[in-house]
Each structure stands twice: as C-alpha cells, then as structure tokens.
K.L.:
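Here it is, the structure, as structure tokens.
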Amino acid sequence: MDDKRIIFRESTLSEASQIDALRGVLSEMSLPLSAGSSVGIKLHWGEIGNKNFLPPVYAREVVNWLKAKKLKPFIFDNTVLYSGGRRDGKQALITAATHNYKEDYLGCPVRIGDGLDGKHVVDIPVSYKHFKEVQIGKIINEADGFLILSHFKGHMETGFGAAIKNLSMGFASRAQKQRMHADAKPSLNKKKCIMCGECVRVCPTGAASMAENEYPMYNLDTCIGCAQCIAMCPEVALKIIWETDIKVFQEKLVETAAAVWKIIGKKTVLITALLNIVKDCDCLPGNHRTIAQDKGFIGAYHPVTADEAAIKIVGETVINDAHPEIPWKRQFTYAREIGF
Ligand code: SF4
Ligand code: SF4
C-alpha cells in the first residue's frame, strides 16, 4: 500500500452523486486482507441532537464493499468523557440506533470499542514527548483489519477533524481522551458524589483516598493527572479541567494517533467524506454553520496524507477563517517530527 497515494472523487450535492463518488473511490482501493477476515469500521455516528453527522448510507455502502470481498465488517466507536448520548456503551448504542446506525440497516454488527462500561482498554507503550503510554479501546486487538471512515469538518480545539482525530480521540479510552485534553487534576462536586469509591479504586498512584463514610480526597502533590478517576466516575462528580496549551494539545492528539497507527497501519485503509463540512464537530448537539460546499470522497493509506489532501481540497482558508486561534498545522509538522 502506497502511503502517499490519494484517490479523490468529486460529487455534487445529491446523495446519488455522493454514493457514486464513494463507489468510485472504493473501486480503486485494496485491502491487504484475505477472505473471511474481520474488518472494524471506525466511524463517528454523532452525538445525540447533532444534525451534521455522516448519514449511515455511506457506512452501508462501505459494508457492502467489504462483504463483496468476503470480509466480515462491523462498525464501532468508543465511549466519551462528557455527559450526553455516548458516555457509556449502552447510551452510545441507543444514540447509534437513533441515527440509524444499526445492524438491520447497515448489514453488520455495531460495537463499542472500549466496552459497554468503557473499561475494555489496553495500554500501548510509546516513547513520545508527552506520552510514554497510550490507552485505547481493546477492539484494536479484535479485528484483522480496519477501515477508518472519517467525516471532515471543523473543530473548536483541533481546527479540523478527520482521519488523525478519528484514530486518536476515536480509538482513545476515556482516560486517554482526558490526558490529551488537559493535565487533569480532579476537583470534586460533593453534590453529585455518591461515595462509591470507584475513583479511589482506579487511581494508580494512591493520590485518591477515602475514609469510611466520607467524601474522597485527592492529594494533588502525588496526583499524576492521569484522569482515570475523572473518566471512570459514574456520577460525573469530578470536574474536567479543559485548560491546556492548545499547541501541546495538537501534539498529544498526534502522538495518540501515531501509537494507534503503529499497531494497525499495515492492515488499514482510510476513507474521508468531504460532506456536511460545518464549523464544529459531530460531538456537539445542534445544527452547525456550513463552512464549505460538499466536495466528495477521498481514499488513502495513511492518515497524515489523507488529512493533508482533505485540507488542500477544502482550502486552508476555510479552516483558518472558522478557527483562527487554533494552530492546527502543528499536527502535520509534529507528525513529521515523530516519524508518523
Ligand atoms: S467515583 Fe465519583 S461518585 Fe464515586 S466516590 Fe469518586 S467522585 Fe464520588
Ligand atoms: S488523576 Fe489519576 S493520579 Fe490523580 S487522583 Fe485521579 S486517578 Fe489518581
């Protein structure tokens, strides 16, 4: 597979033209997998109330393409940090079904990559500047290959979101998501805390402690900011601190994507939809402002190549105008610095 190869098919605004474009891209792509192999299709089915997520008709097309090759596809996404329609696997599956991402429509199973409880995770050792370990959904070990189906759009913290973000935040466990977003120190909302002790149980350093019949305490001197307690609190009683250096955030995003790619890169292809290009991501409820016309689909064999091509087709100024404060180009320079 050629890491630099891009296949682009333009579409008009009609769904028929967009399906044609997707079929055109797929017809030129190959997967290094033999018949009978399982393929995890990583996508984002949209937060509940979001109006701009990719409709499932494109995922169904991809499923049909894989099945025609005698492969066994399933689609998946991971749970997320914040409250809403995807905080745990059960809620996430309801949200998926609400958006018609369900087996009887798609023709394949719908799964949660980090498990229904968000604890089905694996740690990958790395040696990057920010991370020495990256925690992701265990599903990475449960498919013979992957197809990364991404929706290109704007994003308030990364400028744009597409393949790199889908691999990074998309595969990350809830704790890893928090580690990327901030050097998190827990701050307790006693009104929400039910004194279940889960934060103490998951704390890897002993910084979280709890005396009998008392609220938990957090020793911020020994806390390493791993965010495990914040991610695993069942009552969302621990405050998420979102303040971070935004350039460092771009780098952390890239490190996580690179760690995932190290494991799946040789058995993965990428499709990016340049449709519904709005200012904000599919994680937010609402109908967001369109910032560019629909363009079509691209296929690629490396996420950095895929995202650079997408930016070129959509236009840098579109992203700069939508999110002028975000140093999104750092994703590309940093990817090169770490050999991603
Ligand atoms: S996990 Fe959450 S609810 Fe449970 S004791 Fe800790 S802060 Fe309280
Ligand atoms: S952030 Fe990590 S180290 Fe700090 S209290 Fe929470 S679980 Fe413990």
Side-chain angles (χ1 to χ4, degrees), residues 47-48 78-92 94 112-138 140 157 168-257 259-260 283:
E47 183 51 85
I48 203 77
N78 282 10
T79 60
V80 299
L81 274 179
Y82 32 82
S83 52
R86 297 178 302 132
R87 183 166 166 85
D88 65 42
K90 199 171 157 203
Q91 288 173 322
I94 292 169
I112 303 298
D114 56 347
L116 288 181
D117 58 2
K119 296 179 184 174
H120 193 62
V121 298
V122 61
D123 294 307
I124 307 174
V126 291
S127 54
Y128 297 130
K129 182 167 67 175
H130 303 293
F131 294 128
K132 301 300 170 212
E133 195 172 72
V134 162
Q135 190 182 74
I136 55 181
K138 221 179 212 167
I140 197 163
E157 286 163 322
S168 179
M169 284 293 170
F171 273 75
S173 69
R174 291 211 301 262
Q176 181 66 22
K177 287 178 169 87
Q178 176 62 51
R179 289 170 200 164
M180 281 188 273
H181 278 106
D183 294 325
K185 306 283 179 181
S187 164
L188 181 68
N189 180 343
K190 288 185 179 171
K191 285 186 189 154
K192 290 187 174 177
C193 178
I194 56 170
M195 294 194 271
C196 68
E198 181 69 3
C199 53
V200 176
R201 199 187 64 72
V202 299
C203 178
T205 64
S209 62
M210 201 167 95
E212 202 175 343
N213 294 326
E214 290 199 15
Y215 289 110
M217 312 250 304
Y218 308 93
N219 181 337
L220 299 189
D221 291 331
T222 53
C223 171
I224 56 170
C226 72
Q228 197 75 21
C229 55
I230 297 170
M232 300 316 291
C233 172
E235 299 300 315
V236 203
L238 291 162
K239 191 179 164 199
I240 295 172
I241 300 165
W242 295 97
E243 292 164 11
T244 188
D245 178 329
I246 201 70
K247 210 168 186 177
V248 169
F249 178 67
Q250 313 301 313
E251 294 174 356
K252 288 181 173 178
L253 184 87
V254 168
E255 287 188 4
T256 304
V260 170
C283 299

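This chain uses plain numbering: 1 for the first residue, then up along the sequence. All ligand and atom numbering here is 1-based and tracks the order in the structure.
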K.L.:
Got a sec, which residues hit side-chain contact (heavy atoms from CB on, under 4.5 Å) with I140, two or more places apart in sequence or on another chain?
P.N.:
V122, I136, F171, V260, I263, I264
K.L.:
Keeping the roles fixed (side chain from K177, backbone from M169), state whether a donor-acceptor pair exists under 3.5 Å.
P.N.:
yes
K.L.:
Quick one: list whatever passes side-chain contact (heavy atoms from CB on, under 4.5 Å) with K191, sequence neighbours left out.
P.N.:
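K191 satisfies side-chain contact (heavy atoms from CB on, under 4.5 Å) with N189 only.
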K.L.:
Go through ligand 1 atom by atom and flag the ones less than 4.0 Å from a non-hydrogen atom of Y218.
P.N.:
6 (Fe), 7 (S)
K.L.:
Would you sort out whether E255 and K252 count as a salt bridge (charged side-chain N to carboxylate O under 4.0 Å, His left out), showing the intermediate values?
P.N.:
CA-CA 5 Å; E255 287 188 4; K252 288 181 173 178; over 6 Å; no
K.L.:
Checking the side chain of Q91 only, and the main-chain atoms of D88 only, is there a donor and an acceptor separated by less than 3.5 Å?
P.N.:
yes
K.L.:
Near atom 2 (Fe) of ligand 1, meaning under 2.8 Å, how many protein N/O/S atoms are there?
P.N.:
1
K.L.:
Apply side-chain contact (heavy atoms from CB on, under 4.5 Å) to M217 and list each qualifying residue two or more places apart in sequence or on a separate chain.
P.N.:
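In terms of side-chain contact (heavy atoms from CB on, under 4.5 Å), with neighbours along the sequence ignored, M217 is linked to S209.
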